[in-house]
Engineer: 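What follows is a structure written as structure tokens; I'll ask about it next.
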There are 2 protein chains.
Amino acid sequence: MDTQWLSREELATWVRLLTVVELLPSRLDTQLRRDSALTHFDYYVLAMLSEAPERTLRMTALAERTAATLARLSHVVQRLEGRGLVERFPCPQDKRATNARLTATGWAKVQEAAPGHVRTARQLVIDALTPEQIAQLHEITEAVLARLDPEGKRASLHRHYD
Amino acid sequence: MDTQWLSREELATWVRLLTVVELLPSRLDTQLRRDSALTHFDYYVLAMLSEAPERTLRMTALAERTAATLARLSHVVQRLEGRGLVERFPCPQDKRATNARLTATGWAKVQEAAPGHVRTARQLVIDALTPEQIAQLHEITEAVLARLDPEGKRASLHRHYD
DNA sequence: CTCTAATAGTTGTAGCGACAACTAAAGGGA
DNA sequence: TCCCTTTAGTTGTCGCTACAACTATTAGAG
């Protein structure tokens, strides 16, 4: 049971990755909060609904696409419903299930927030990388996700974009 | 002011990156919480202190190495002090400043937690990648950090590992 | 030698997320 | 049919983080 410590190069990379993982979410939150009064997670919930048929998804499906637990999603959707951006209604086919649907106000909100968010994504990440690096990062995140979420229980989102 | 939307490849990569950024911290937290009753951030604070001369750092220096705001660090160190893992004392040279020092108990805690944490880091990320991918990820995170933290105000940590 | 601005750190508060406990409905034997 | 398990979702609570407001000390301009 000897510990396999990290090599110099592995450690340097690991530390940089942690720093990115630490800083990126707060940057995204800050921009969206300031410009649209949404957290980044709020935005993603709305964005996923906006791309779904009828702008409607079951809570479980929405949770997968946003890589969230059902509990967290439930809290968030409750708040979004209170703000009139989303509405919930029981699923007719399965009485256990709940559907979440984007309201007209919610749709307008996403439309308004999207350009600024994309600009931020470019500024902070995408435009900092060469096309080759984008391709490399694609492979790298793919490999890591296979470890983080082997069965794809959470985080099915990326499969919709292949 | 037309929006430069993301290409198919850019979007797929961006979504994967977001998923990693969403899932990785909670995985690290879960392991450390379960095995050592520490958050990942707690662990990093203790780890940074353990590598410093005298196992002591000024709050500002510690905040940079952990990519945290001073406010956040202050709260965390307060809690760690309450648990006897860290102690604080005023800096003699600069009466505004506070030094944080790892206690013997804190040192023991890091020693105990480190192997499990490294094993997790390998399992989830490092061992999922080839040496080439590690090198690529090093470059990629470097480029992104230059955007996230241009002046290196926060996140000076990685420079200690070059 | 002031007086102002910058630096160092702390604290209060509010909001979000993790975890555990819970209800309710559907599925699946025997 | 009955019972047990699984699935779907909600809710309460606690702890952590962001943000803003605050104090105290130091550095720098004039």
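Side chains are part of it too, since the values below use all heavy atoms of this structure and drop only hydrogens, waters and symmetry mates. Letters go in sequence order (proteins before strands), and every chain restarts at 1.
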Engineer: For B:R83 and D:dG15, what is the distance between atoms CZ and P respectively, to the nearest whole Å?
Structural biologist: 12 Å
Engineer: Against the six-membered ring of B:Y43, is B:R33 placed for a cation-pi contact (under 6.0 Å from the centre, within 45° of the normal)?
Structural biologist: no
Engineer: In whole Å, I'd like the distance from the CG atom of B:L62 to the P atom of C:dT7.
Structural biologist: 20 Å
Engineer: Taking C-beta and beyond as the side chain, do B:E9 and B:T13 meet within less than 4.5 Å on heavy atoms?
Structural biologist: yes
Engineer: Expressed as a whole number of angstroms, how long is the span from B:H40:NE2 to D:dG15:C1'?
Structural biologist: 18 Å
Engineer: What integer distance in Å separates A:K95:NZ from C:dG27:C1'?
Structural biologist: 16 Å
Engineer: Let me spell it out: for each of B:N99 and A:V76, pick the nucleotide of DNA chain C with the closest heavy atom. Which residue's pick is nearer the 5' end?
Structural biologist: B:N99
Engineer: Is the closest basic N to carboxylate O distance between B:R16 and B:E10 below 4.0 Å?
Structural biologist: no
Engineer: Looking at B:R79, I'd like to know whether one of its side-chain N or O atoms comes within less than 4.0 Å of OP1 or OP2 on D:dC16.
Structural biologist: yes
Engineer: If you assign each of A:R88 and A:T30 to its closest nucleotide in DNA chain D, which residue comes earlier from the 5' end?
Structural biologist: A:R88
Engineer: Taking atom C1' of C:dG17 as reference, at what distance in whole Å does atom CG of A:L80 sit?
Structural biologist: 14 Å
Engineer: Rounded to the Å, how far apart are A:E22 CD and D:dT17 C1'?
Structural biologist: 10 Å
Engineer: Taking only the side-chain nitrogens and oxygens of A:Q78, find out if one of them lies under 4.0 Å from OP1 or OP2 of D:dT10.
Structural biologist: no
Engineer: Please tell me which of A:T39 and A:R96 maps to the more 5' nucleotide of DNA chain C, matching each residue to the nucleotide holding its nearest heavy atom.
Structural biologist: A:T39
Engineer: In terms of side-chain heavy atoms of A:F41, which of C:dG17, C:dT7, C:dA26 is nearest?
Structural biologist: C:dG17
Engineer: Heavy atoms under 4.0 Å, any strand shown: does A:D29 hit a base, just sugar-phosphate, or nothing?
Structural biologist: nothing
Engineer: Looking only at the side chains, is there a donor atom on one of A:T103 and A:E87 sitting less than 3.5 Å from an acceptor on the other?
Structural biologist: no
Engineer: Given C:dA26, C:dT10, D:dT11, which nucleotide is nearest the side-chain atoms of A:S74?
Structural biologist: D:dT11
Engineer: Consider only side-chain N and O atoms of A:Q31 and A:D35, and report whether a donor and an acceptor are under 3.5 Å apart.
Structural biologist: yes
Engineer: Applying a 4.0 Å non-hydrogen cut-off, can you work out what A:T98 is touching in the nucleic acid: base, sugar-phosphate, or nothing?
Structural biologist: sugar-phosphate
Engineer: Check for me whether B:R65 meets the cation-pi criterion with B:Y44, that is, NZ or CZ under 6.0 Å from the six-membered ring centre and within 45 degrees of the ring axis.
Structural biologist: no
Engineer: Looking at the side chain of A:A71, which of D:dT10, C:dT10, D:dC16 is the nearest nucleotide?
Structural biologist: D:dT10
Engineer: Could you state the CG-P distance from A:D94 to C:dG27, rounded to the nearest angstrom?
Structural biologist: 7 Å
Engineer: Donor-acceptor pair under 3.5 Å: do we get one between B:H75's side chain and the base of D:dG15?
Structural biologist: no
Engineer: Are any of B:R72's side-chain N or O atoms less than 4.0 Å away from OP1 or OP2 of D:dG15?
Structural biologist: no
Engineer: Using atom CG of A:L70 as one end and atom P of C:dA20 as the other, report the distance to the nearest whole Å.
Structural biologist: 16 Å
Engineer: Classify the nucleic acid contact of A:R58 as base, sugar-phosphate or nothing, counting any heavy atom under 4.0 Å across all strands shown.
Structural biologist: sugar-phosphate
